[in-house]
Amino acid sequence: MKTSAEQALSAAYECARATLPGKGAVATLRADAFKQFETRGLPHRRVEEWKYTDLRALMREAYPIAPPPDAAAKQHAKAAGDILAGTDCRRLVFVDGAFAPDLSDLKPEPGLSVESLAESLANGDALVAQHVGKTFASDDAALALNTALMGDGAVIHIAKGAVIARPIHLVFAAGSEKPGSVFIRSLVVVGEGAQATIIEDHDSGAAQVNAALELIVGDAAQVDYLKITRARALHVASLLASVGAKAQFNTFAFTSDVAVARNQNFIRFAGEGTSAGIRGVSLLRGKQHADTTLLIEHAAGHCQSREQFKSVLDDEAHGVFQGKIVVKPHAQKTDAKMMTRALLLSDEAEADNKPELEIFADDVVCGHGATTSAPSEALKFYLMSRGIPETEAEALLIQAFIDETIEEIAHEGIRDALKFAALRWLGARE
Amino acid sequence: MAFLEVKNLHVEIEDKKILDGLTLSVEKGQVAAIMGPNGSGKSTLAYVLAGKDDYKVTEGDVKFNGESILEMGADERAAKGLFLAFQYPVEVPGVATMTFLRTALNAQRKTRGQAEVSTPEFMKLVRDTASHLGISQDMLRRAVNVGFSGGEKKRNEILQMAVLQPTLAVLDETDSGLDIDALKIVADGVNRLRSPERAMIVITHYQRLLNYIVPDVVHVMAKGKVVKSGGKELALELEAKGYAQYAGVAA
């Protein structure tokens, strides 16, 4: 039997299918994805990958698809993405899921092209036709729903060898305060040897968001991808990445002030000799819930990946980390290490950590670890014995715990902005 | 009244009696050595003075500068001028030594109602002290004690002491794990801080450290109390005869 949210989602698709952007192959892609969703329904706790985030139970209702933003909504969206307000970025703004060129920095830059996904789908754009829905095969139902209903998003192409120094800041803002749902799909293709920093920043207010970003990293490219998530309603996001040979690929997820957020990352190392850092920090309080799920596929040998995720959980917050590293039979000399650590600031907070390794090659170095603990009494005493009062000592230790991971971000401005955001979160602690 | 007065102190941890009526006074300007076999309660005394709350004081009192400190938190005691150099300094990942020193110094000054130290003044103080102790700029930038050798950790303790300028310093087995060169550097750092305005308690199992930090008095602890006190020659006597005569057990 369908839940009311599932019924609403089916109705939304039936109602929107004629007007959703893209005909022909795109319409078929949508129809197939929708069929997949219809068969599976919303993922629930008996679906292993969703064990700790029971979407069927958590999603009581599905909001209607948000209408295109009006002038007031655009005005309201101007303040969004303020964590990086002081950082020099190319700001590309999407309001209630729709691209807002008038709020975006579209100054031309050699080697960089920026389009709207809705337009590209409607135009039958070749890049979109080539990649959308093909970056990483997955039968995930939330992703299928995104594919079926994808509205707008960014299409970014960075030409071979281009060095885009200024980070590209994709701001997904809430315009309307009315509860609506948005289905964002973005595509980022980084050519061979190119360099770029991309930030997917969701400041999504009361909207239900289902976002997906497909990222193709060319051989020898250097790509930093960051995701900032703040949301007062349900937020489900998928990263689908395929990384070429000899590339340098780093991701960082900053999650704080969310209601229920799920960040799922499907990353494939498809070429040899790549090195990658997949990292993130979640800061949660109240009854907030954040789930980070990784599927890291080492499909080519001689790649190094470091996965490091931390969460700080206060009050009754719930942090989930599920990380699976798969090493394919031919991916010899893979070097993968995954670490997840949760810091519990309250007896009622809960952390679920589930690291997994699936290794089919015999000459690899792989490892994982997980810790969950309260702030160390021994450390606190050491700090206090130097004259630092207890609350300050604890704050310093939490800050250090968070900063250790934020420190890995290469871009200084973003690094400092996220450290500051973490500090502000700590400062709001009661 | 002495600068530090420990009177009939009884301390338990998890219902096990560690200090059993310990009485001790230390005068301002004095360097007092506390020696004793393993398990005599030396480190417990250090922790209880510093304010670690795992210990339960069942009887007795500790007066520092005329004030009872047993009800004070560790941070408050530090601001009053008490300092413990740890036997096993802990690693504090993510907190740079420089930030740590500055946060501690300013927290103490704030509690004492003093203004924050100015940046140039602070930098000069740390740099000068660090260079005497052979602590590099790189170590100051690194997280407190993370990846430091045993000797580096002990030197870092002395650096903290020199920056915080306590009036009562308790050094808990500062010599343990040090080779002779490191021991000399650490002892030299301690000796620089000897002053008529400062008292020091040097806890050690071996006499060796006392060749470099020459004490004014030596107290011998056994089974949770001070069993003998004397001049620096007492340390040499212990080195020759061992602790067996006091504890009834081999040292």
Side-chain angles (χ1 to χ4, degrees), chain A residues 252 254 279-281 283 306 308-312 339-343 345 369 371-409 412 415-416 418-423 425-427, chain B residues 46-55 72-97 99-112 114 141-146 153 156-157 159-161 163-166 169-170 172:
Chain A
F252 192 95
F254 184 88
R279 301 185 175 92
V281 160
L283 311 176
R306 294 288 175 267
Q308 187 186 34
F309 281 81
K310 286 190 178 172
S311 55
V312 180
M339 184 69 200
T340 173
R341 296 178 64 192
L343 192 62
L345 305 183
T371 66
T372 300
S373 60
S376 153
E377 288 298 323
L379 280 179
K380 231 159 71 178
F381 174 63
Y382 189 66
L383 266 56
M384 287 176 70
S385 79
R386 298 306 182 240
I388 303 171
E390 186 170 8
T391 45
E392 208 182 319
E394 194 168 282
L396 196 63
L397 292 173
I398 300 166
Q399 192 192 340
F401 177 81
I402 302 165
D403 283 0
E404 196 191 14
T405 305
I406 296 182
E407 203 63 57
E408 300 281 350
I409 297 170
E412 191 184 355
R415 195 168 64 221
D416 290 348
L418 290 182
K419 278 188 187 176
F420 185 71
L423 207 57
W425 183 84
L426 266 178
Chain B
Y47 279 140
V48 170
L49 290 176
K52 197 169 205 259
D53 42 2
D54 314 5
Y55 299 92
M72 295 179 187
D75 53 323
E76 216 180 326
R77 299 182 198 198
K80 298 261 181 206
L82 201 149
F83 180 90
L84 169 65
F86 283 60
Q87 183 179 1
Y88 303 108
V90 292
E91 300 188 0
V92 193
V95 180
T97 304
T99 311
F100 176 59
L101 285 169
R102 204 195 170 99
T103 308
L105 182 60
N106 282 331
Q108 289 198 12
R109 292 179 69 97
K110 195 176 164 191
T111 309
R112 292 194 291 257
Q114 297 166 322
R141 277 191 290 268
R142 273 154 60 191
V144 179
N145 295 331
V146 176
K153 285 180 183 171
N156 195 13
E157 293 292 290
L159 171 69
Q160 293 172 37
M161 177 164 89
V163 169
L164 297 172
Q165 296 278 328
V170 181
D172 187 13

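The sequence lines fix the lettering, A, B, ..., with proteins before strands; numbering per chain opens at 1. Every heavy atom of this structure was used, including side-chain atoms; hydrogens, water molecules and symmetry mates were not.
Identified by a heavy-atom distance below 4.5 Å to chain A, the contributing residues of residues 84-91 of chain B are B:Leu84, B:Ala85, B:Phe86, B:Pro89, B:Val90, B:Glu91, in residue-number order.
How far CZ of B:Arg77 is from OG of A:Ser385: 11.0 Å, rounded to the nearest 0.5 Å.
Here the side chains of A:Asp403 and B:Val95 are not in contact, with every heavy-atom distance at 4.5 Å or above.
Considering every non-hydrogen atom in both B:Ala107 and A:Gly387, the closest pair reads CB-O, 3.3 Å. A pairwise comparison of heavy atoms in B:Gly51 and A:Phe381 identifies C-CE1, 3.6 Å as the closest pair. Of all heavy-atom pairs between A:Ala400 and B:Pro93, the closest is CB-O, 3.2 Å.
For chain B, no part of A:Ile402 is nearby; none of its heavy atoms comes within less than 4.5 Å. Both the backbone and the side chain of B:Gln108 come within contact range of chain A, judged by heavy atoms closer than 4.5 Å.
Applying the side-chain hydrogen bond (donor to acceptor under 3.5 Å, both in side chains) test to B:Asp75 and every residue at least two apart in sequence or in another chain returns nothing. Qualifying side-chain hydrogen bond (donor to acceptor under 3.5 Å, both in side chains) partners for B:Lys110, counting only residues two or more places apart in sequence or in other chains: none. By the ring pair (Phe, Tyr, Trp, His ring centres under 6.0 Å) test, A:Phe254 pairs with no residue at all, sequence neighbours left out.
Ring orientation note: the planes of B:Phe100 and A:Tyr382 are close to parallel, at an angle under 30° on the 30°/60° scale.
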query: side chain to side chain contact (heavy atoms under 4.5 Å, CB included) between A:Glu392 and B:Thr103: does it pass, once the steps are laid out?
result: CA-CA 9 Å; A:Glu392 208 182 319; B:Thr103 308; 3.5 Å; yes

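When the candidates B:Ala143, B:Gly94, B:Ala74 are compared by the number of heavy-atom contacts under 4.5 Å with chain A, B:Ala74 comes out ahead.
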